Amino acid sequence: MSVEQIFINTSLSQRITESDWQNLNTLSKSNLSPEERRMIQRIKHSIRRGWFSILNGEAGPVHNGLGQSI
């Protein structure tokens with residue numbers, strides 16, 4: 001899935017799957033356009049602030065990206 005698609009899905013649902021979260025962290029180390037980097041930064045910021053949740057598969061939210069259970 002592309003960074004743009006993950007950004008759209010996450011923005012609409014305010015949730016990101018753990019696998020998409022891991023993909024974003026991997027992608028953030030690759031050669032991306034400035035727009036893609038900005039999208040990843042916005043998702044990470046929203047998770048740190050608690051606005052978005054990281055989901056563990058089909059279960060409920062597991063943590064807020066900082067290792068804190070919610």
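Heavy-atom basis, side chains included; hydrogens, waters and symmetry copies ignored. If you're wondering where the values come from, they're calculated on a predicted model, not measured in any experiment.
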Mind checking side-chain hydrogen bond (donor to acceptor under 3.5 Å, both in side chains) for [X] and listing every partner two or more places apart, or none if nothing turns up?
X   : result
S11 : none
N23 : none
E35 : S33

| query | CZ of R42: more than 12 outside heavy atoms within 6.0 angstrom? | reply |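 No - once you tally the heavy atoms of other residues, nucleotides and ligands closer than 6.0 Å, there are 12 at most.
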
| remark: Between L27 and L32, the two heavy atoms sitting closest are O-CD1, 3.3 Å

| Heavy-atom closest contact (N31 atom, R37 atom, distance) | CA-NH2, 4.4 Å

| query | Does the side-chain contact (heavy atoms from CB on, under 4.5 Å) test come out yes or no for K44 and F52, once each step is laid out? | reply | CA-CA 9 Å; K44 288 182 174 185; F52 292 175; over 6 Å; no

How long is the span from the [atom1] atom in [X] to the [atom2] atom in [Y], to the nearest 0.5 Å?
X   : Y   : atom1 : atom2 : answer
D20 : L55 : CG    : CG    : 10.0 Å
I8  : S2  : CD1   : OG    : 7.0 Å
I16 : F7  : CD1   : CZ    : 11.0 Å
T10 : Q5  : OG1   : CD    : 9.5 Å
R15 : I47 : CZ    : CD1   : 12.5 Å
L24 : M39 : CG    : CE    : 10.5 Å

